[in-house]
Amino acid sequence: LILLIAAVLTFGKRDFYLKAKAPLQPVNKREVFVAQGGTILDLLVEDQQMVEEGQLLLRLRNTDLDVQLEDVLGQLQSTRQQLISARETRVLQGKLLDEEEAIRLDGQIAEMQVRLESLTRQHELLEEKNKQLEIRAPMTGQVMLAWDVEKSLKNRTVDVGQVLMSIADLSGDWEVELFMPERRMGHIDTARKNGAGTQVAYILATDPKTERIGEVKHLQKITQMHEEEGHSVQIRVGVKNAEIKDPRPGTTVTGKILCGRRAIGYTWFHEAVEWVQANILF
């Protein structure tokens with residue numbers, strides 16, 4: 001009986017799948033980043049709200065930027081007044097000034113003109129940064145904002161590059177973003193060389209009884225750190241919209257990629273076999 005079981009596990013073949021979990025996401029979505037750091041004053045949208053491109057989503061305040069703007073504006077006004085006064089003096093007293101005094105006054109006027117141009121550029125740059133404190137929707141779609149983040153956003157300090165929310169087009173195509181641990185990627189690479197590894201069977205957490213089929217659209221070339229899976233490779237899987245009724249962003253999907261046929265025993269215990277090979281036999 002033992003020999004029979006061993007023979008079946010060794011020589012019997014079955015489909016070899018690698019499983020991974022992932023969220024269901026719209027293909028057309030854009031993340032909303034912080035372009036200029038500051039403190040959030042007003043959050044003007046709610047989770048799942050529909051917004052138009054360019055619509056104001058939230059306002060920030062940067063105290064340091066306010067101080068810089070006020071300082072530059074003060075210097076601008078002071079320099080303008082000094083320049084006006086110097087020019088008036090040069091015009092009204094031009095014939096009365098000796099050559100040395102006229103040269104000195106012309107030099108002051110030229111210096112103030114250069115300073116005024118520099119301050120004007122600084123003011124324009126600061127105003128541009130100030131405009132970035134108003135964050136607007138990059139596209140038309142639905143706001144995707146985690147409930148806990150929504151509660152904590154107001155009066156929260158955020159940094160440049162931080163992601164605050166996403167805007168998604170729910171009427172377009174959908175996809176699954178699988179994160180496959182890098183230790184399994186050798187099987188997938190081998191399968192793809194042999195013409196397999198492109199078909200993905202998956203189930204939705206909202207409908208676990210129905211198995212659906214998708215196709216690998218893109219396999220990322222680099223490994224990245226994933227919160228749950230560790231070092232992983234992103235695999236984007238296209239799904240058929242008609243097969244999913246009322247799709248919801250973030251719905252948990254369990255997917256399995258067909259990597260050809262292997263011995264039954266290996267399909268069951270391949271991770272244990274690989275661990276022994278890497279940690280004991282190596």
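If you're wondering where the values come from, they're calculated on a predicted model, not measured in any experiment. Count residues from 1 along the sequence. Reckoned from all heavy atoms, side chains included, excluding hydrogens, waters and symmetry mates.
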[X] side chain to [Y] main-chain N or O, any donor-acceptor pair under 3.5 Å?
X: Asn62; Y: Leu65; answer: yes
X: Glu70; Y: Val67; answer: no
X: Gln55; Y: Glu52; answer: yes
X: Thr79; Y: Leu76; answer: no
X: Asp42; Y: Leu44; answer: no

Could you measure the distance from the [atom1] atom of [X] to the [atom2] atom of [Y]? Nearest 0.5 Å is fine.
X: Leu258; Y: Lys256; atom1: CG; atom2: NZ; answer: 9.0 Å
X: Leu126; Y: Lys131; atom1: CG; atom2: NZ; answer: 12.5 Å
X: Arg236; Y: Leu219; atom1: CZ; atom2: CG; answer: 11.5 Å

Legend entry - Full working for side-chain contact (heavy atoms from CB on, under 4.5 Å) between Leu105 and Gln108: CA-CA 5 Å; Leu105 189 56; Gln108 289 180 349; 3.7 Å; yes

Legend entry - Candidate pair Gln122 and Ser118, rule side-chain contact (heavy atoms from CB on, under 4.5 Å), full reasoning: CA-CA 6 Å; Gln122 289 182 48; Ser118 175; 3.5 Å; yes

Side-chain donor-acceptor pair under 3.5 Å between [X] and [Y], yes or no?
X: Ser78; Y: Gln82; answer: yes
X: Arg115; Y: Gln75; answer: yes
X: Asp207; Y: Thr210; answer: yes

Heavy atoms of other groups near [X] [atom1], more than 12 under 6.0 Å:
X: Glu111; atom1: CD; value: no
X: Lys13; atom1: NZ; value: yes
X: His218; atom1: NE2; value: yes

Check [X] against [Y] and note the closest heavy-atom contact, atom names and distance.
X: Glu211; Y: Ala201; result: OE2-CB, 3.6 Å
X: Glu53; Y: Thr140; result: N-OG1, 3.1 Å
X: Gly172; Y: Trp174; result: O-CD1, 3.2 Å
X: Ile135; Y: Val34; result: CD1-CA, 4.4 Å
X: Ala205; Y: Thr251; result: N-CG2, 4.3 Å
X: Ile203; Y: Pro208; result: CG2-O, 3.9 Å

Legend entry - Test side-chain contact (heavy atoms from CB on, under 4.5 Å) applied to Val237 and Glu215, step by step: CA-CA 5 Å; Val237 181; Glu215 294 290 331; 5.8 Å; no

Inset, instruction - I would like to know whether Met185 and Thr223 meet side-chain contact (heavy atoms from CB on, under 4.5 Å); could you show each step before the answer? - result: CA-CA 10 Å; Met185 288 307 300; Thr223 300; over 6 Å; no

Under 3.5 Å, which donor-acceptor pairs do the side chains of residues 15-32 form with other protein atoms, sequence neighbours left out?
{"unit_1": "Asp15", "atom_1": "OD1", "unit_2": "Arg261", "atom_2": "NH1", "d": "3.1"}
{"unit_1": "Lys29", "atom_1": "NZ", "unit_2": "Glu177", "atom_2": "OE2", "d": "3.2"}

Please check if [X] and [Y] belong to a single hydrophobic cluster, counting links between Ile, Leu, Val, Met, Phe, Trp and Tyr side chain heavy atoms closer than 4.5 Å.
X: Leu119; Y: Val114; value: no
X: Phe179; Y: Val253; value: no
X: Ile188; Y: Val216; value: yes
X: Phe11; Y: Leu3; value: no

Any side-chain heavy atom of [X] within less than 4.5 Å of one from [Y]?
X: Val45; Y: Met165; answer: yes
X: Val239; Y: Arg212; answer: no
X: Gln142; Y: Ile167; answer: no

Legend entry - Candidates Asn130, Thr39, Asp66 - the one meeting side chain to side chain donor-acceptor pair (under 3.5 Å) with Arg61: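 Considering Asn130, Thr39, Asp66, a side chain to side chain donor-acceptor pair (under 3.5 Å) with Arg61 is found only for Asp66.
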
